[in-house]
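To start, the structure under review is shown below, and the notes come after it.
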Protein chains: 2
Amino acid sequence: MSSTHRPLSERANFLLSQLGFHVAQTFAARLAPLGIAPNHFGLLMHLDRGEGRTQQQLADAVGVHRKVMVGLIDDLERRGLVERRRHPADRRAHALHLTEAARELLPHARDIADRHEDEMLAGLEPAERTQLLAMLQRIAERSGNPPGVHPGLRHATPDT
Amino acid sequence: MSSTHRPLSERANFLLSQLGFHVAQTFAARLAPLGIAPNHFGLLMHLDRGEGRTQQQLADAVGVHRKVMVGLIDDLERRGLVERRRHPADRRAHALHLTEAARELLPHARDIADRHEDEMLAGLEPAERTQLLAMLQRIAERSGNPPGVHPGLRHATPDT
DNA sequence: TATTGTTATACTCTATAACTATA
DNA sequence: TATAGTTATAGAGTATAACAATA
């Protein structure tokens, strides 16, 4: 049986891992001039859909441990993209808000993501892109990962 | 334009990164009982196609720095899967050979990879799997990564 | 002088545990 | 007693530099 000797370059799991890493790497490079990393981009997208959330809520939404969120928000605050304000109802928590700079930066970041995707899929025809997207989504659903949650950020146990 | 607000779960680059990470993670878990990691699996596959190579040659083939190869071969030697023998032509180099244990283990590892792929693509029909594989290969070709070379192992500069 | 394999060191990232101030 | 945020610490993984033996 020749399938036994199928090389890595013909295995869908290897290709997914290879391309996944490559995409993450090149996207990070595209985003670098903006002073943010892909995970920061994800956070800004989430915050854009609802400000005032606490670090814990955001951590749950993105699938990271709150301890990691501290450092991520530190990054974004240092870059002037996020503010930690007093939470109106809970004095322990912070209410996270986007800054003006973030509102200005976000469209650029989305643009970069759109163009990056375009280039990645340059070898496919429009109909094929639609097919690919649908198949990837179907696989992602079955994978057990919540939609939009990257397992690379999904570390640490729920809590002790 | 609503495409501006397309969520991560509808972006092909995010899905590729998400699934790529997930695949690598779950494959590593499947391989763990055998005492090897995905990168070890790749090395064994390469060695199976031509023994007696030096660490440098193998490093070039897989896209890693020779300094990293030291540790990887250390792992495999410790697990009794690879032997460092004297190189017949160059006394500086080692000739790498698979052990009996490796020849016994390799088919199992390939089996695990096959089944893992099957499960990943369980939501797709046979015709779709073929399509997906073809598209991923086409994208991979355009990506600049040599076939079968994982960019996650592709670190360090060519040399100083 | 260049190359093969190796080691030492620093740096980043993640993981574990514990602490504070509130609730 | 539990929770939000934080910090300290140790452990992987990778990067940088330099080294001994041989070509």
Side-chain angles (χ1 to χ4, degrees), chain A residues 17 21 24-25 28-29 32 36-40 42-43 47 52-78 82-97 149-160, chain B residues 17 21 24-25 28-29 32 36-40 42-43 47 52-78 82-97 149-160:
Chain A
S17 177
F21 201 98
Q25 206 172 230
I36 60 172
N39 48 8
H40 298 136
L43 289 186
L47 276 179
R53 301 189 192 179
T54 69
Q55 293 184 194
Q56 180 67 65
Q57 288 172 331
L58 189 56
D60 289 342
V62 182
V64 313
H65 195 190
R66 67 185 199 282
K67 158 209 353 167
V68 178
M69 187 57 63
V70 174
L72 292 172
I73 300 300
D74 283 349
D75 296 339
L76 290 171
E77 205 174 34
R78 214 176 297 127
V82 164
E83 277 181 14
R84 286 190 240 234
R85 299 190 194 158
R86 311 181 41 179
H87 189 96
D90 188 339
R91 294 177 58 183
R92 295 173 303 182
H94 293 150
L96 300 173
H97 288 269
V149 171
H150 197 296
L153 285 176
R154 166 138 258 182
H155 33 219
T157 51
D159 217 42
T160 19
Chain B
S17 177
F21 201 99
Q25 206 172 231
I36 60 172
N39 49 7
H40 298 137
L43 289 185
L47 275 178
R53 302 190 192 178
T54 69
Q55 293 184 194
Q56 179 66 65
Q57 288 172 331
L58 189 56
D60 290 342
V62 182
V64 313
H65 196 249
R66 67 185 197 283
K67 158 209 355 168
V68 178
M69 187 57 64
V70 174
L72 292 171
I73 300 300
D74 282 350
D75 295 339
L76 290 172
E77 207 175 32
R78 215 176 297 126
V82 164
E83 277 180 15
R84 285 190 241 234
R85 298 189 195 158
R86 309 181 42 179
H87 189 96
D90 188 337
R91 295 176 58 185
R92 294 173 303 181
H94 294 150
L96 300 174
H97 288 269
V149 171
H150 197 295
L153 285 176
R154 166 138 258 177
H155 32 218
T157 52
D159 216 43
T160 21

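In what follows, every chain begins at residue 1, and chains take the letters A, B, ... in the order their sequences are listed. Keep in mind that what you see is a predicted model, and the values were worked out from it rather than measured.
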Nearest to the side chain of B:Val70 - D:dT6, C:dG5, D:dA23? C:dG5

Any idea which of D:dA23, D:dT6, C:dA23 is nearest the A:Arg91 side chain? C:dA23

Return the value, rounded to whole Å, for the distance between atom CZ of A:Arg86 and atom C1' of C:dA21. 14 Å

Less than 4.0 angstrom between a side-chain N/O of B:Arg84 and OP1 or OP2 of C:dT6, yes or no? yes

Candidates D:dT22, D:dG5, D:dA15 - which lies nearest the side chain of A:Thr54: D:dG5

Rounding to an integer number of Å, can you tell me how far B:Gln56 CD sits from C:dT6 P? 12 Å

Evaluate the side-chain proximity of B:Met69 to B:Leu43: yes if any heavy-atom separation is below 4.5 Å, no if none is. yes

In whole angstrom, give the distance that lies between atom CG of B:Leu72 and atom P of C:dT4. 17 Å

Candidates D:dA17, D:dA23, D:dA4 - which lies nearest the side chain of B:Lys67: D:dA17

Per the atom types in the model, does the base of C:dT3 pair as donor or acceptor with the side chain of B:Arg92 at under 3.5 Å? yes

Scan B:Arg66, B:His87, B:Arg84 and name whichever one has a side chain to side chain donor-acceptor pair (under 3.5 Å) with B:Gln55. B:Arg84

I need the CG-P distance between B:Asp60 and C:dG5, as an integer number of Å. 10 Å

What is the separation between atom CG on B:Asp74 and atom C1' on C:dT6, rounded to the nearest whole Å? 9 Å

Over how many whole Å does the gap from A:His87 atom NE2 to C:dT22 atom C1' extend? 13 Å

Per side-chain contact (heavy atoms from CB on, under 4.5 Å), B:Leu72 is matched among B:Val70, B:Val68, B:Asp74 by B:Val68

Need one value for B:His94: base, sugar-phosphate or nothing, where a base atom within 4.0 Å counts as base even if backbone is also close, heavy atoms only. sugar-phosphate

Between C1' on D:dG5 and CG on A:Asp90, what's the gap in Å once rounded to a whole number? 11 Å

OP1 or OP2 of C:dT4 versus the side-chain N and O atoms of B:Gln55: is any pair under 4.0 Å? no

Can you measure A:Arg53 atom CZ to D:dT3 atom C1' for me and round it to whole angstrom units? 19 Å

Could you tell me if the side chain of A:Arg53 sits less than 4.5 Å from the side chain of A:Leu96, heavy atoms only? no

To the nearest 0.5 Å, tell me how far B:Asp75 CG sits from B:Ile36 CD1. 11.0 Å

